[in-house]
Colleague: 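Quick one: this structure, given as structure tokens, is what I'll be asking you about.
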Amino acid sequence: MMMDILNLKGKNIVVMGVANERSLAWGVAKSLFSVGANVIFTYRKERSLAKMEKALEAGNYEARMVVQCDVNDDTSMHEAFTKIGEEVGVIHGVVHSVAFAHAEDLRNDFVETTRSGYAFAQDTSSYSLIAAAKEARPYMKEGGSIVTMSYLGAERVLDGYNVMGVAKAALEASVRYLANDLGKDDIRVNAISAGAVRTLSAKGVPSFNTILSQIEEKAPLKRNVTQEEVAEMTIAMLSKLSSGVTGETIYVDAGYHIMG
Ligand code: 1JT
């Protein structure tokens, strides 16, 4: 069968960052279910758990495990991955689709960023990948793949992205350093730089409609990308299809980033 070339059937994949059915992480989870992977979810808020349970039920999907995990807390991260590792034995993949910053840090000029707002954005959106890699590593005994979600604001100045841009820059650099460390264990680490997709994160962005129409005008494909397209590239990066790729940032953005 076609999906056998992915080699994801029966593999244990941890998905972090489903807030609702629009989440990029939820798109990845749906694709993982469709190729027969065992999906293990982590969530922070009870509200996210409720939305996820509803989405699982609506799609008739069965999670292998659902575990609470606060990425800002070392103990919580350690306990979550210990629970997962002891239950499933081997972890084959981790999808890190987690970011947060305080609203005022996206609203005010970047120069006004506070020390605490900077630290919070970095801790939640960038350090959390390092912590996830550290905690998952002991259970990734058969090699594996770690994929995180980034955004163009990591390397370009996008009005309003501000402190998140700096956090995504650190995230993409962390992908390279983690790839170097974990390569010896046959663990690959990559980022997907997703084009703008209307998710919960995008909701608080007043200029989001403008961003979407600028992409439609300018991107080579003359359109925006979908949750499914981001999910399918993530599946490719988790799968055997990408076995020679690590430390990379892959753009799923209708080609927008190549334009001047
Ligand atoms: C966060 C937020 C991370 C929004 C995000 C994000 N990654 C992408 N977006 C959407 C976005 C936001 C802005 C933007 C373009 C896209 C909000 C909560 C914190 C984490 O401006 C050019 C601001």
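Position 1 is the first residue of the sequence; numbering continues from there. Order of listing sets the numbers, starting from 1, for every ligand and every atom in it.
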Colleague: Just to confirm my output: which protein heavy-atom neighbour is closest to atom 14 (C) of ligand 1, and how far is it?
Modeller: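 Answer, as residue, atom name and distance: Tyr161 CD1, 3.6 Å.
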Colleague: Measure the distance from atom 18 (C) of ligand 1 to every protein heavy atom, then report the residue, atom name and distance (to 0.1 Å) of the closest one.
Modeller: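 Result for atom 18 (C) of ligand 1: Leu106 CD1, 4.0 Å.
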Colleague: Is ligand 1 less than 4.0 angstrom away from at least one heavy atom of Gly204?
Modeller: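 Gly204: no contact with ligand 1 (<4.0 Å).
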Colleague: Hey, does Ala101 sit under 4.0 Å from ligand 1 if you only count heavy atoms?
Modeller: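 Ala101 counts as a contact of ligand 1 under the 4.0 Å cut-off.
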Colleague: Could you tell me, atom by atom, which parts of ligand 1 come under 4.0 Å of a heavy atom of Ile211?
Modeller: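 Every atom of ligand 1 under 4.0 Å from some heavy atom of Ile211: 14 (C), 15 (C), 21 (O), 22 (C).
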Colleague: Closer than 4.0 Å to some heavy atom of Phe100 - which atoms of ligand 1 meet that?
Modeller: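 Every atom of ligand 1 under 4.0 Å from some heavy atom of Phe100: 19 (C), 20 (C).
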Colleague: Which atoms of ligand 1 sit under 4.0 Å from any heavy atom of Ser201?
Modeller: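 Going through ligand 1 atom by atom, the ones under 4.0 Å from Ser201 are 2 (C), 4 (C), 5 (C), 17 (C).
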Colleague: Which of the numbered atoms in ligand 1 are below 4.0 angstrom from a heavy atom of Gly160?
Modeller: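 What qualifies from ligand 1 is 23 (C).
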Colleague: With atoms numbered from 1 as shown, which atoms in ligand 1 lie under 4.0 angstrom from a non-hydrogen atom of Asp159?
Modeller: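 Checking each atom against Asp159, I get 21 (O), 22 (C).
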Colleague: Kindly list each side-chain donor-acceptor pair under 3.5 angstrom involving residues 98-117, sequence neighbours excluded, with atom names and distances?
Modeller:
unit_1, atom_1, unit_2, atom_2, d
Asn108, ND2, Glu104, O, 3.2
Thr113, OG1, Phe110, O, 2.5
Thr114, OG1, Gly117, N, 2.9

Colleague: Show the nearest heavy-atom pair for residues Gln68 and Arg44, with the distance to one decimal.
Modeller: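 So the minimum-distance heavy-atom pair works out to NE2-O, 2.7 Å.
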Colleague: Would a single hydrophobic cluster contain both Ile258 and Leu152, if residues Ile, Leu, Val, Met, Phe, Trp and Tyr are joined by side-chain heavy-atom contacts under 4.5 Å?
Modeller: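 Different hydrophobic clusters.
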Colleague: Verify the distance criterion only: is there a donor paired with an acceptor across the side chains of Arg198 and Asn209 at less than 3.5 Å?
Modeller: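 Looking only at side-chain atoms, Asn209 and Arg198 do form a donor-acceptor pair, the distance falling under 3.5 Å.
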Colleague: Can you confirm whether the side chains of Ser128 and His96 place a donor and an acceptor under 3.5 Å from each other?
Modeller: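 Yes, His96 and Ser128 have a side-chain donor paired with an acceptor closer than 3.5 Å.
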Colleague: At a 4.0 Å threshold, what atoms of ligand 1 neighbour a non-hydrogen atom of Val205?
Modeller: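 Near Val205, the atoms of ligand 1 are 12 (C), 13 (C), 23 (C).
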Colleague: Quick one, Arg176 with Glu248, criterion salt bridge (charged side-chain N to carboxylate O under 4.0 Å, His left out). Give me CA distance, side-chain angles, the key distance, then yes/no.
Modeller: CA-CA 7 Å; Arg176 294 186 283 272; Glu248 197 56 83; over 6 Å; no
Colleague: Measuring from Ile13:CD1 to Ser31:OG, what's the distance to the nearest 0.5 Å?
Modeller: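 The distance works out to 12.0 Å.
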Colleague: Could you identify the single nearest non-hydrogen protein atom to atom 10 (C) of ligand 1 and state the distance to 0.1 Å?
Modeller: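 The answer is Phe208 CE1, 4.0 Å.
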Colleague: Going through the distances and angles, do Glu229 and Arg223 end up as a salt bridge (charged side-chain N to carboxylate O under 4.0 Å, His left out)?
Modeller: CA-CA 12 Å; Glu229 289 177 305; Arg223 62 174 180 81; 2.7 Å; yes
Colleague: Could you tell me which atoms of ligand 1, counted from 1 in the order shown, lie closer than 4.0 angstrom to a heavy atom of Leu158?
Modeller: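 That gives atoms 22 (C) of ligand 1.
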Colleague: What's the separation between atom OH in Tyr151 and atom OG1 in Thr249, rounded to the nearest 0.5 Å?
Modeller: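 Reported to 0.5 Å precision, the distance equals 15.0 Å.
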Colleague: Using heavy-atom distances only, which candidate in Arg156, Met164, Arg107 approaches atom 3 (C) of ligand 1 most closely?
Modeller: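 It is Met164 that holds the nearest heavy atom.
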Colleague: Going by the atom numbers of ligand 1, which of them fall below 4.0 Å from some non-hydrogen atom of Tyr151?
Modeller: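 Taking each heavy atom of Tyr151 in turn, ligand 1 has 15 (C), 16 (C) under 4.0 Å.
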